[in-house]
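I have placed the structure first, in the form of structure tokens, so that the comments after it can refer back to it.
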Amino acid sequence: MARIEVPAGDGTEHSRIWAVAPHMGVGLRAMSKAVYEDSSLPVREREVARMRIAQLNECNVCLNTRAASAMAKGLTDELYQQVDCYQDVAEFTPRERLAAEFAEQFAIDHTAIGDELW
């Protein structure tokens, strides 16, 4: 549920929110396209990093969002839920573990990211 006053009307809360400022959707769509369609990062690595950030930020929307493209590549709901213990889950590749570690460090203390992690 939104934390802002959403106009009453037909459609989902989500669609009514965008009706308030439809021009903002143009920017959001461009950002989403860059991240989800044009990224050079493999989808599973991106999703592991995204989920680790969501866990640390406790974003309920992000925690409950699954990318169909990542799930098609074997990132199951169970694996999404295990991102917080990425070092101990054999199903994560070394690069996926690095993506989670980088996301974690970025969220907690980005200035401490050293050359080795880069």
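Everything quoted here is computed from the prediction, not taken from an experiment.
Here the CD atom belonging to Q82 is positioned 9.5 Å from the CG atom belonging to D88, to the nearest 0.5 angstrom. Note: K33 NZ to L28 CG = 14.0 Å, rounded to the nearest 0.5 Å. Remark: E104 CD to I53 CD1 distance equals 9.0 Å, nearest 0.5 Å. Note that the CE atom of M71 and the CG atom of D77 stand 5.5 Å from one another [nearest 0.5 Å]. For the atom pair CG (N57) and CD (Q55), the distance works out to 10.5 Å, reported to the nearest 0.5 Å. Rounding to the nearest 0.5 Å gives a distance of 5.5 Å between CG of D84 and CZ of R52.
Taking the centre and axis of the six-membered ring of Y80, the NZ or CZ atom of R66 falls inside the cone set by 45° and 6.0 Å.
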Take R29 and E37 through the test salt bridge (Lys or Arg N to Asp or Glu O under 4.0 Å) and record every step on the way to the result. CA-CA 11 Å; R29 174 65 186 125; E37 297 174 27; 3.0 Å; yes
Mind running salt bridge (Lys or Arg N to Asp or Glu O under 4.0 Å) on R16 and E13 for me, showing each step along the way? CA-CA 5 Å; R16 293 190 322 255; E13 180 181 78; 5.0 Å; no
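When the shell of 6.0 Å around CZ of F106 is examined, it contains 12 or fewer heavy atoms from other residues, nucleotides or ligands. The 12-atom threshold is not exceeded at CD of E5, counting heavy atoms of other residues, nucleotides or ligands nearer than 6.0 Å.
The minimum heavy-atom distance linking A90 with R97 is given by the pair CA-NH2, 3.5 Å. Here the closest heavy-atom approach between residue G74 and residue L79 is recorded as O-CD1, 3.6 Å. Residues C85 and V89 share a closest heavy-atom pair of O-CG2, 3.4 Å. Across all their heavy atoms, R44 and L75 have their closest contact at NH1-N, 3.5 Å. Nearest heavy-atom pair across L117 and F102 is CD2-CA, 4.0 Å. A pairwise comparison of heavy atoms in S69 and V43 identifies OG-CG2, 3.3 Å as the closest pair.
Two residues are said to be in side-chain contact when any heavy atoms from C-beta on lie closer than 4.5 Å; Q87 and E101 meet this criterion. By the 4.5 Å heavy-atom criterion applied to side chains, E47 and V83 are not counted as neighbours. Taking the side chain as every heavy atom from C-beta outward, R50 and Y36 approach each other to under 4.5 Å.
The closest donor-acceptor contact from the side chain of S15 to the backbone of G11 lies at 3.5 Å or more, if one exists at all.
D109 and Q105 share no donor-acceptor pair across their side chains, judged by distance under 3.5 Å alone.
If you chain together hydrophobic residues whose side chains sit under 4.5 Å apart, M31 and W18 fall into the same group.
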